[in-house]
There are 2 protein chains.
Amino acid sequence: MPSTWAIRRAEPSNGLAHPLIRKLSNYTTLSDEERKAVFQAADKATDFKAGDDIVARGDLTGGVRLVLDGFACRYKILEDGRRQILGYLIPGDMCDLHVFLLKRMDHSIAAMTRTKVAIISQANILAFTDRYPNFTRALWWSTLLDEAVTREWVVNLGQRTAYERMAHLFCELYYRLAAIGEVRDGSYLLPLTQTTLGDTLGLSTVHVNRTLQDLRAHSLISFKGGIMTVHDLPALEIAGFFSADYLHLGDRLAPGTTGTHRPNSELQVKR
Amino acid sequence: MPSTWAIRRAEPSNGLAHPLIRKLSNYTTLSDEERKAVFQAADKATDFKAGDDIVARGDLTGGVRLVLDGFACRYKILEDGRRQILGYLIPGDMCDLHVFLLKRMDHSIAAMTRTKVAIISQANILAFTDRYPNFTRALWWSTLLDEAVTREWVVNLGQRTAYERMAHLFCELYYRLAAIGEVRDGSYLLPLTQTTLGDTLGLSTVHVNRTLQDLRAHSLISFKGGIMTVHDLPALEIAGFFSADYLHLGDRLAPGTTGTHRPNSELQVKR
DNA sequence: CGACTATTTGATAGGACTCAACCTCCGTGG
DNA sequence: CCACGGAGGTTGAGTCCTATCAAATAGTCG
């Protein structure tokens with residue numbers, strides 16, 4: 001990874017916030033007691049290096065893994081080797097809140113860069129959900145968010161052309177990363193190869209390459225060395241039929257806000 | 001709808017069970033108090049006729065809608081009219097457990113046949129989740145199940161050919177309907193037109209038609225007049241790279257069970 | 001029996017895939 | 001300091017899967 005870039009290391013908007021608390025605060029205000037519980041339960045972190053599986057299919061989930069820093073993906077592999085990526089995880093996202101039901105993981109999660117992960121024990125989660133209804137609902141909310149994103153991926157794969165799909169994906173990542181302060185000047189780190197992009201969008205590597213050239217030719221983006229730069233977000237949104245509402249970024253805003261939510265203006269792309 | 005068929009009307013395995021309770025019992029045992037609360041909260045039902053929207057995109061969700069009987073689908077429409085179906089709802093499924101977060105629905109739900117829906121008020125849901133942690137986790141579990149299915153749809157659309165996709169979908173519906181006793185002699189009601197199937201699988205109507213013919217030519221299924229008959233489930237599963245594990249039908253079974261779960265043997269296809 | 005809607009069929013076009021090279025960038029090691 | 005090797009990116013050519021267009025054939029319902 002080029003060390004000249006340090007987007008990811010930039011100071012967070014709130015230096016003290018735990019990624020999970022920051023995320024859940026999009027839904028509700030956690031009590032001091034709840035915050036403290038989170039800090040206590042999710043203090044010890046494990047590092048995974050790029051390529052490692054954080055959770056593997058078939059694992060008996062024994063606790064909740066929480067991404068503190070880095071970039072990971074959910075994926076599934078068919079018997080004949082085809083791979084489909086199911087979603088990307090960024091700081092604040094939980095890997096397997098499936099603890100309760102999914103005794104076994106039905107898919108895997110891999111780190112795409114060095115990724116820091118905290119593990120909250122099953123006992124702690126059960127205790128939380130017994131004790132803090134508000135916190136429980138907040139966790140639940142976060143799984144609903146994941147589902148909303150997954151649903152949009154279904155639309156993406158089912159209805160959109162390669163060009164639209166790719167534009168849509170880049171918009172989604174833009175908004176999600178902007179919401180956690182990881183977009184600077186219209187750029188964000190995207191540690192994916194074209195092959196990985198293909199497994200994400202259901203396209204061959206060759207076609208990913210050509211579609212990417214298309215997007216560049218239209219001056220919408222640049223993508224090189226793991227750095228994604230969006231030159232014209234509005235145009236990219238149009239190209240991808242993107243509407244940020246499914247990300248529910250502003251659900252907690254005061255009523256009266258319009259349906260389309262936008263990240264902080266300072267994170268918006270200029271010119 | 002042909003009245004000569006009455007699969008759906010056949011007596012349930014437990015005449016007294018509320019569809020929701022039956023479903024949640026796959027995860028946990030609800031206390032008598034919890035059961036009673038469900039019955040009280042979800043007694044009044046509304047009927048929707050085929051084609052009606054049960055919930056529309058943009059709706060402020062005011063309570064949880066629960067399918068008691070019938071067949072419905074989630075869907076999303078792009079600005080240019082393309083439609084993608086995101087999943088099917090059968091008795092016991094909840095439409096919008098998004099109440100908490102998704103102040104607004106980001107997609108719609110339509111009835112595909114006459115569908116009976118119960119509405120649990122938001123107040124009741126909040127009260128439940130405050131009072132019954134076990135019940136709350138069970139509801140949460142059901143949303144995780146939905147998500148697992150949606151993830152598999154991503155794989156389906158991203159990686160599988162038209163033929164495989166269709167085989168996979170028919171397997172999924174077979175298992176899900178078998179689990180609630182709505183498969184008889186390898187047949188189940190599937191009130192979809194070929195156009196709808198196309199919107200589900202990301203295929204044109206014409207290609208759906210031809211793929212269907214393929215499946216028939218291979219003696220895997222028949223599909224006519226809204227009745228789906230699976231002639232050779234194992235072969236259909238192989239054709240669709242289907243593995244039922246993602247449906248988590250047997251997660252509550254005693255340990256030692258193999259990873260692949262099967263519906264009641266009496267519901268299995270013969271010959 | 002019309003008026004629809006749904007299913008089929010035929011013919012053609014095009015988006016995306018496959019195969020096969022070739023190029024580029026980097027890290028390693030002699 | 002340059003050769004080598006490998007991973008990732010780019011190109012070209014040919015093919016196939018699936019879409020589109022168009023029209024004919026069922027099936028349904030008042």
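Atoms considered below: every heavy atom in the structure, side chains included; atoms not considered: hydrogens, waters and symmetry mates.
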Got a list of protein N/O to nucleotides 12-14 of chain C N/O distances below 3.5 Å?
none

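- Every residue was checked against the salt bridge (Lys or Arg N to Asp or Glu O under 4.0 Å) condition with B:Lys44, not counting sequence neighbours, and none meets it.
- Going from atom CG of A:Asp214 over to atom P of C:dA16 covers 10 Å, rounded to whole Å.
- B:Tyr75 pairs by the ring pair (Phe, Tyr, Trp, His ring centres under 6.0 Å) definition with nothing, not counting sequence neighbours.
- For residues 187-205 of chain A, the set of pairs meeting the salt bridge (Lys or Arg N to Asp or Glu O under 4.0 Å) definition, not counting sequence neighbours, comprises A:Arg83-A:Asp199.
- Sequence neighbours left out, the pairs with a member in residues 192-221 of chain A that pass ring-ring contact (aromatic ring centres under 6.0 Å, His included) are A:Tyr163-A:His218.
- B:Thr196 pairs by the side chain to side chain donor-acceptor pair (under 3.5 Å) definition with B:Thr193, not counting sequence neighbours.
- Axis angle across the helix from C:dC1-D:dG30 to C:dA21-D:dT10, with five pairs used at each end and values rounded to 10°: 40°.
- With sequence neighbours left out, the salt bridge (Lys or Arg N to Asp or Glu O under 4.0 Å) criterion links B:Asp214 to no other residue.
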Take nucleotides 18-27 of chain D nucleotide by nucleotide from the 5' end and write B, S or -, depending on whether a protein heavy atom sits under 4.0 Å from the base, only from the sugar-phosphate, or from neither. SSBB------

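- In terms of the side-chain contact (heavy atoms from CB on, under 4.5 Å) criterion, residue partners of B:Ala235 (sequence neighbours excluded) are, by chain and number, B:Leu220, B:Asp232.
- Residue pairs meeting the salt bridge (Lys or Arg N to Asp or Glu O under 4.0 Å) criterion with at least one member in residues 152-172 of chain B, sequence neighbours excluded, are A:Lys76-B:Glu152, A:Arg82-B:Glu164, B:Glu152-B:Arg160, B:Glu172-B:Arg176.
- Ion pairing between a basic and an acidic side chain is recognised when a charged N comes within 4.0 Å of a carboxylate O; B:Asp93 and B:Lys23 show such pairing.
- Residue A:Gln213 places no side-chain N or O under 4.0 Å from the OP1 or OP2 atom of D:dG9.
- When the side chain to side chain donor-acceptor pair (under 3.5 Å) test is applied to A:Asp146, no partner is found at least two apart in sequence or on another chain.
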